[in-house]
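Below you'll find the structure, written out as structure tokens, and then a few comments.
The sequence lines fix the lettering, A, B, ..., with proteins before strands; numbering per chain opens at 1.
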Protein chains: 2
Amino acid sequence: MKRDVFQAIADPTRRAIIALIALQAMTPNAIAENFHTTRQAVSKHLRILTECELVTQEQKGREIYYTLEIDKMKEIDRWLEQYRKIWESRFEQLDVLLAELKEQDKQEKKK
Amino acid sequence: MKRDVFQAIADPTRRAIIALIALQAMTPNAIAENFHTTRQAVSKHLRILTECELVTQEQKGREIYYTLEIDKMKEIDRWLEQYRKIWESRFEQLDVLLAELKEQDKQEKKK
DNA sequence: CAAGTATGCAACCATTCAGTTGCACATGTC
DNA sequence: GACATGTGCAACTGAATGGTTGCATACTTG
């Protein structure tokens, strides 16, 4: 039942919805027009995105505008942070070293 | 059949596996010891991670070492990039706003 | 108040998924 | 060669997922 952000962005349609409403808040109908699926399917995706607080709703008359909660996206960024440290350090030094070691290994195996 | 990186990191167990082998290459058995699940379940996860090129295998004797392909993680980072731009610009805007409010506050107090 | 529009929710369906169990295959050790 | 160890693969299962259809609710307009 409890869904997390990573599960939310796993679906390509949901990522597309996120990309859409990142620019401006939109209604379910307006969003659905961009996809080859029913309005109800989009509504379901919006429900999931709302559940994990990636989007928020704002009622205006009979329309409901959905807005991306950009702060929640930072959660993914924070998770990535630990790996960014790794690839940054490897870029600086280890990458070259590893390539050399692999090359040496190849030479060894040839013998 | 075709799985992408986002689907791969959707599962909490797979994220834990990624975190484990980020530090050092590990065998399926060694990885499985860290979870309350069977070796075969871990093996399945590794297969999925391999399919979408997040990990690579290296056979050493009868053991197979799995290594995280940190470069593939950059794909997620690239996707995040567009949203990072948004929250950074909002932060700047907020910064300006806060500065203005502080200025106003000063003016108020002077009165 | 009636008709139309915007939306959410429930029920159902086909597919996928994560996990377990059992088996096969390869490598290493006695 | 016999046996133990490390591993992957296939079949099965229960749960979750994404989608559709149909209906109920709420707001707007005439």
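Residues A/Asp4 and A/Gln7 are in side-chain contact: their nearest non-hydrogen atoms beyond the backbone lie under 4.5 Å apart.
In this structure, the CD atom of A/Gln7 is 9 Å from the P atom of C/dA18, given to the nearest Å. Atom NZ in A/Lys60 sits about 18 Å away from atom C1' in C/dT5, given to the nearest Å. For A/Arg3 and C/dC17, the CZ to C1' distance is 14 Å, given to the nearest whole Å. Atom P of nucleotide D/dG8 and atom CZ of B/Arg62 are separated by 14 Å, given to the nearest angstrom. Between the P atom of D/dA4 and the CD atom of B/Glu63 lies a distance of 19 Å, rounded to the nearest Å. The nearest whole Å value for the distance from the CD1 atom in A/Ile17 to the C1' atom in D/dG19 is 13 Å. A straight line from CG of B/Asp11 to P of C/dC17 spans 11 Å, rounded to a whole angstrom. Atom-to-atom, CD of A/Glu51 to P of D/dG18 comes out at 11 Å; the value is rounded to the nearest Å.
For the pair A/Leu54 and A/Leu68, the tightest heavy-atom approach, listed with the atom from each and the gap, is O-CD1, 3.4 Å. Minimum heavy-atom separation, B/Arg39 to B/Ala32: CA-CB, 3.9 Å. For the pair A/Ile17 and A/Leu49, the tightest heavy-atom approach, listed with the atom from each and the gap, is CG2-CD1, 3.9 Å.
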| request: Take B/Trp79 and A/Arg15, measure what side-chain contact (heavy atoms from CB on, under 4.5 Å) needs, and give me the verdict at the end. | output: CA-CA 10 Å; B/Trp79 176 77; A/Arg15 286 202 301 280; 3.7 Å; yes
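At C/dA18, one or more side-chain N or O atoms of B/Arg14 fall inside 4.0 Å of OP1 or OP2 (strictly under the cut-off). Within the 4.0 Å cut-off from OP1 or OP2 of C/dT7, not a single side-chain nitrogen or oxygen of A/Gln57 is found. In terms of phosphate contacts, A/Asn29 brings a side-chain nitrogen or oxygen within less than 4.0 Å of OP1 or OP2 of C/dT7.
Along DNA chain D, the nucleotide closest to A/Thr13 and the one closest to A/Gln59 are compared, and the more 5′ of them pairs with A/Thr13.
Legend: residues meeting side-chain contact (heavy atoms from CB on, under 4.5 Å) with A/Lys74, ordered by chain and number and at least two apart, are A/Asp71, A/Arg78, B/Trp87.
Residues of residues 30-47 of chain B that place a heavy atom closer than 4.0 Å to DNA chain C, in numerical order, are B/Thr37, B/Thr38, B/Gln40, B/Ala41, B/Lys44, B/His45.
For B/Asp77 (side chain) and B/Met73 (main-chain N/O), no donor-acceptor pair under 3.5 Å exists by modelled atom type.
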